[in-house]
S.K.: 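Please read through the structure below; I'll follow up with questions.
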Amino acid sequence: MLFVNMPLLSSTDLHRIFEKLDTNCDGFVSLEELNWVLQRIGSNNNSQFSLDELESLVEKKSLDFNEFLFFYNSISKQNNGENKGGGDDDELERDLVKTFKVFDLDGDGFITSQELECVLKRLGFLDERSGKDCRSMIRFYDTNLDGRLDFQEFKNMMLLTST
């Protein structure tokens, strides 16, 4: 269950992730780079992989973008397939709660622009000028205008952006 805590990502998001992981710009993501991102996204703490296990899973030492997409899609389908049988909404809600907690660094039940920026920087998705972007994202989905996202606002954001 590698991507169990993540909402389904668009191919644009996946391409940006791939480009960030491909630090040497050779068009491939090494297993070390792939393992790094899996650890950072909180890929179910019970299922950390050694490089040998990851290599046996993907049967390669590195992945090009199409292989990276295939890997992500196969893992996502596997996780979604495990939830068939009426529990999809409950499972989605649990996944959203887990994801919310990743961003709610101080555990106060809200995500601030500073918390969002901190987590996205840790994942390698932001640079120095992106703080303004985090404030804009929070403002866009902050329906009660308190300057932060509560769980319902976060849930609405995730459901709106993952379709």
Side-chain angles (χ1 to χ4, degrees), residues 1-21 29 31 33-50 53-54 56-58 63 65-126 130 133-144 146-163:
M1 289 212 258
L2 296 176
F3 289 96
V4 73
N5 292 334
M6 294 283 295
L8 292 179
L9 300 171
S10 71
S11 59
T12 303
D13 292 333
L14 290 168
H15 195 264
R16 286 188 1 224
I17 291 169
F18 183 86
E19 287 177 334
K20 289 281 188 184
L21 291 176
V29 170
L31 294 186
E33 293 163 330
L34 183 61
N35 200 31
W36 179 87
V37 78
L38 293 174
Q39 291 172 356
R40 295 304 176 281
I41 63 172
S43 61
N44 194 348
N45 295 332
N46 299 328
S47 62
Q48 296 298 321
F49 291 98
S50 71
E53 291 169 324
L54 196 53
S56 71
L57 184 65
V58 299
L63 304 174
F65 180 64
N66 289 329
E67 293 163 334
F68 179 75
L69 281 178
F70 180 79
F71 173 74
Y72 173 79
N73 288 331
S74 66
I75 296 301
S76 297
K77 285 177 186 169
Q78 180 182 14
N79 288 333
N80 290 335
E82 292 173 1
N83 301 329
K84 298 299 180 218
D88 288 341
D89 290 340
D90 291 341
E91 185 69 26
L92 175 62
E93 186 83 10
R94 282 193 298 274
D95 288 347
L96 286 171
V97 167
K98 289 177 189 175
T99 304
F100 182 83
K101 288 179 180 179
V102 168
F103 288 92
D104 180 16
L105 296 176
D106 62 8
D108 68 351
F110 299 96
I111 299 172
T112 64
S113 60
Q114 293 86 2
E115 288 172 319
L116 178 62
E117 183 177 352
C118 181
V119 172
L120 293 177
K121 278 184 179 176
R122 193 176 342 146
L123 292 170
F125 296 135
L126 293 182
S130 299
D133 294 339
C134 290
R135 287 187 297 278
S136 298
M137 282 192 286
I138 295 287
R139 264 196 308 271
F140 188 78
Y141 293 101
D142 178 20
T143 56
N144 65 3
D146 66 354
R148 55 195 184 168
L149 297 182
D150 60 31
F151 177 72
Q152 190 59 49
E153 291 166 330
F154 175 79
K155 180 178 172 181
N156 292 340
M157 176 186 73
M158 297 306 282
L159 294 176
L160 288 172
T161 58
S162 67
T163 56

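These figures come from a predicted structure and were not determined experimentally. Every heavy atom of this structure was used, including side-chain atoms; hydrogens, water molecules and symmetry mates were not.
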S.K.: Taking all non-hydrogen atoms of both residues into account, name the closest pair between Leu120 and Cys134 and its distance.
M.R.: CD1-SG, 4.3 Å
S.K.: Looking only at heavy atoms, which two atoms of Asn144 and Asp142 are closest? And how far apart?
M.R.: OD1-OD1, 2.8 Å
S.K.: Could you work out, with side chain to side chain contact (heavy atoms under 4.5 Å, CB included) as the rule, every residue matching Glu19, not counting sequence neighbours?
M.R.: His15
S.K.: To the nearest 0.5 Å, what is the distance between CZ (Phe18) and CG (Asn66)?
M.R.: 9.0 Å
S.K.: Taking only residues two or more places apart in sequence or in another chain, which ones pass side-chain hydrogen bond (donor to acceptor under 3.5 Å, both in side chains) with Glu153?
M.R.: Thr143
S.K.: About how many Å separate OG of Ser113 and CG of Asp133, when rounded to the nearest 0.5 Å?
M.R.: 11.0 Å
S.K.: If every non-hydrogen atom of Ile111 is compared with every non-hydrogen atom of Asp104, which pair is closest and at what distance?
M.R.: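 Looks like CG1-N, 4.1 Å.
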S.K.: First locate atom CD of Glu91, then atom CG of Leu96, and finally report the distance between them rounded to the nearest 0.5 Å.
M.R.: 10.5 Å
S.K.: Any side-chain heavy atom of Glu115 within less than 4.5 Å of one from Val119?
M.R.: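 Glu115 does not reach Val119 side chain to side chain.
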S.K.: Starting at CZ of Phe110, measure out to CZ of Arg148 and round the result to the nearest 0.5 Å.
M.R.: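 Reported to 0.5 Å precision, the distance equals 3.5 Å.
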S.K.: Could you state the interatomic distance from NZ (Lys121) to SG (Cys118), rounded to the nearest 0.5 Å?
M.R.: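 Here the rounded value is 8.5 Å.
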S.K.: Among residues at least two apart in sequence or on other chains, which ones pass ring-ring contact (aromatic ring centres under 6.0 Å, His included) with Phe154?
M.R.: Phe100
S.K.: Working to the nearest 0.5 Å, report the span between CG of Leu105 and OG1 of Thr112.
M.R.: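 Answer rounded to 0.5 Å: 7.5 Å.
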